Amino acid sequence: MGRGETRVKLITLRAPTSPMKPFVIETNGQLGDFLQQEWLLTNGTGAFAASTILGCNTRRYHSLLCAATLPPVGRIATVNRIGEILHLEGRPEMLETSLNQFPQRLHPRGDRFLRRFELDDSARFEFDVAGVVVRKEVLLLAGRNVTAVRYQIQPGGRRVRLELLPFVALRDFHSLRRGKSLLEVERDPAGCCVRDGGNRVHLKCDQGRFVPEEQWWFDHVLPVETERGLDDREDLYVPGRWVMDLAHPATVLVAISTDPIDAIDFEHELARRRQRSTVLAGASETVQQLLRAADDFVVERRRPDGSPGVTVIAGYPWFADWGRDTMISLPGLLLCPRRFREAAAVLEVFAEYVSEGMIPNRFNDYTNEPEYNTVDASLWFIHACFEYLRSSGDEATFYRSLLPACRSVIEGYRRGTRFGIAMDASDGLITQGDASTQLTWMD
């Protein structure tokens, strides 16, 4: 068989015909250790939504929409949470399903109403508020910087006023917002758009009315940041609230987006996510769970010419795609489940970024520019390319796109490249760096 031929047909994995078994925790109104358990949703762009299963944010990275404005980087925390307040007929007090940590106390205590948490393609919370059942579901739309939050309310024969308050951060996801800021707000009957410089978030609800009522809530404490020895306080902005009066079962949809929001078909979007999930016929439940977890790490990245490409996120919540992590993980993430088309796309992206015999160590969080300061990632790249050829049999891609890049790496190391990286002529081993240069050979 000559070069350029493919001896194994690339397969397409079947789409799941039914939802996979969800991860379930019965909280039963208890605080317990649930503040230490976290959930994560991703959408294939580097964007994510995350918090604890009680809905209390404990990290700077917790947000209902951490958007990727320059996929998979340029990430900003938009809306950290939604405050939910219920006024029940015949009861004078406000009943709130939210939970936040402030200095010396938790407030309000929505954990006492939470009965159940579920996670699969969406995150779901079920509350029992004095007989009123509230089901909250968070869905991150595939391929878009959009989060949909759906509330299903069963009033149980009572009249209920529901108020929803969006708590806006609108900041770089590594930073925290402190003190009052001059934010621009454009309002309409369904919600508003909040802007801060080049960042913006659109907020929209399909029920009730939006009541402008600007507030600042100060000193949210983020205990994980405290443990990390970092700044751990944040102030959040509330531009107003949605108010609706309910006497019958109702469904309410809140949309959070970095772009103007169209109507969202929640069930259609949920089905789209399930169709994108990787499923292998006959695999065990454990393997299926691993495949679903692997899906979170395979994301978009543009090639140098601007055309679509694929890469691998090194980890959530703060990593982008790193050359070493991508190449080490690629066989497990993409070759074992026979996702050859995506594996080729990842390798071709990095092949096109080869410079002086090196693949990027990482891409800058803000400029998306490649940074070349790793000695071993390029060697892992060669390993991944040959594993791709062995697993897929795709000689056409290998000889056209990957082998020339592998040869560039070898030539770069042979003659010497950045940071003193070079092949020792006497024994063929790689030498690199100096006392002042850390090249992440082994973290």
Side-chain angles (χ1 to χ4, degrees), residues 46 70-74 297-315 318-335 339-392 394 396-424 428-433 437-443:
L70 194 62
V73 295
F297 295 88
V298 182
V299 300
E300 298 176 11
R301 169 169 289 287
R302 294 285 177 179
R303 295 183 175 187
D305 64 1
S307 61
V310 181
T311 189
V312 174
I313 287 282
W318 55 73
F319 284 119
D321 45 342
W322 289 61
R324 171 199 293 103
D325 303 74
T326 296
M327 299 309 147
I328 292 174
S329 64
L330 186 141
L333 290 180
L334 298 175
L335 299 184
R339 299 172 68 172
F340 298 136
R341 194 166 287 108
E342 290 159 298
V346 171
L347 293 170
E348 287 179 320
V349 164
F350 277 87
E352 291 176 6
Y353 276 105
V354 169
S355 168
E356 300 180 36
M358 299 174 68
I359 70 165
N361 182 39
R362 65 186 290 268
F363 294 85
N364 187 280
D365 278 344
Y366 305 104
T367 66
N368 220 0
E369 290 299 312
E371 298 177 2
Y372 298 89
N373 58 337
T374 173
V375 61
D376 61 322
S378 303
L379 308 180
W380 281 110
F381 169 75
I382 293 175
H383 174 264
C385 289
F386 278 84
E387 284 298 291
Y388 171 77
L389 175 63
R390 184 181 66 82
S391 298
S392 72
D394 179 11
T397 299
F398 179 80
Y399 287 111
R400 180 188 68 249
S401 303
L402 305 184
L403 185 59
C406 291
R407 286 175 170 155
S408 294
V409 171
I410 293 172
E411 288 305 312
Y413 277 54
R414 183 174 285 160
R415 65 175 176 263
T417 183
R418 301 175 178 90
F419 304 112
I421 298 171
M423 180 186 297
D424 190 309
L429 297 179
I430 305 302
T431 183
Q432 49 84 33
T437 306
Q438 198 276 106
L439 295 176
T440 63
W441 176 275
M442 189 179 298
D443 292 356

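Counting begins at 1 with the first residue of the sequence. Quick caveat: nothing in here was measured; it's all calculated off a predicted structure.
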Practice item. Check whether any side-chain heavy atom of Ile430 lies under 4.5 Å from a side-chain heavy atom of Met423, and answer yes or no. Key: yes
Practice item. Check whether the side chains of Asn368 and Arg301 place a donor and an acceptor atom closer than 3.5 Å, and report yes or no. Key: yes
**Study point:** Smallest separation among heavy atoms of Ala405 and Ala351, with atom names
**Key:** CB-CB, 3.7 Å
Exercise for review: For the residue pair Val310 and Val298, establish whether any side-chain heavy-atom pair is separated by less than 4.5 Å.
Suggested key: yes
Review point. Are Ser378 and Tyr413 side-chain neighbours, meaning at least one heavy-atom pair lies under 4.5 Å?
Key: yes
**Study point:** Phe398 side chain near Leu347 side chain, heavy-atom distance below 4.5 Å
**Key:** no
Review point. Can you check whether Leu335 reaches Phe340 side chain to side chain, under 4.5 Å on heavy atoms?
Key: yes
Revision key, fill the gap. With sequence neighbours left out, the residues meeting salt bridge (Lys or Arg N to Asp or Glu O under 4.0 Å) with Glu342 are Arg339
Study note, to complete from the structure: Closest non-hydrogen contact found for Ala320 with Asp365 is CB-OD1, 4.0 Å
Check your understanding: Which heavy atom of Tyr353 sits nearest a heavy atom of Arg302, and at what distance?
Key -> OH-O, 3.8 Å
Exercise for review: Taking all non-hydrogen atoms of both residues into account, name the closest pair between Phe386 and Leu403 and its distance.
Suggested key: CZ-CD1, 4.4 Å
**Study point:** Approximate separation, where rounding is to 0.5 Å, of Ile359 CD1 and Met327 CE
**Key:** 4.5 Å
Exercise for review: With rounding to the nearest 0.5 Å, note down the distance linking OG1 in Thr374 to CH2 in Trp380.
Suggested key: 11.5 Å
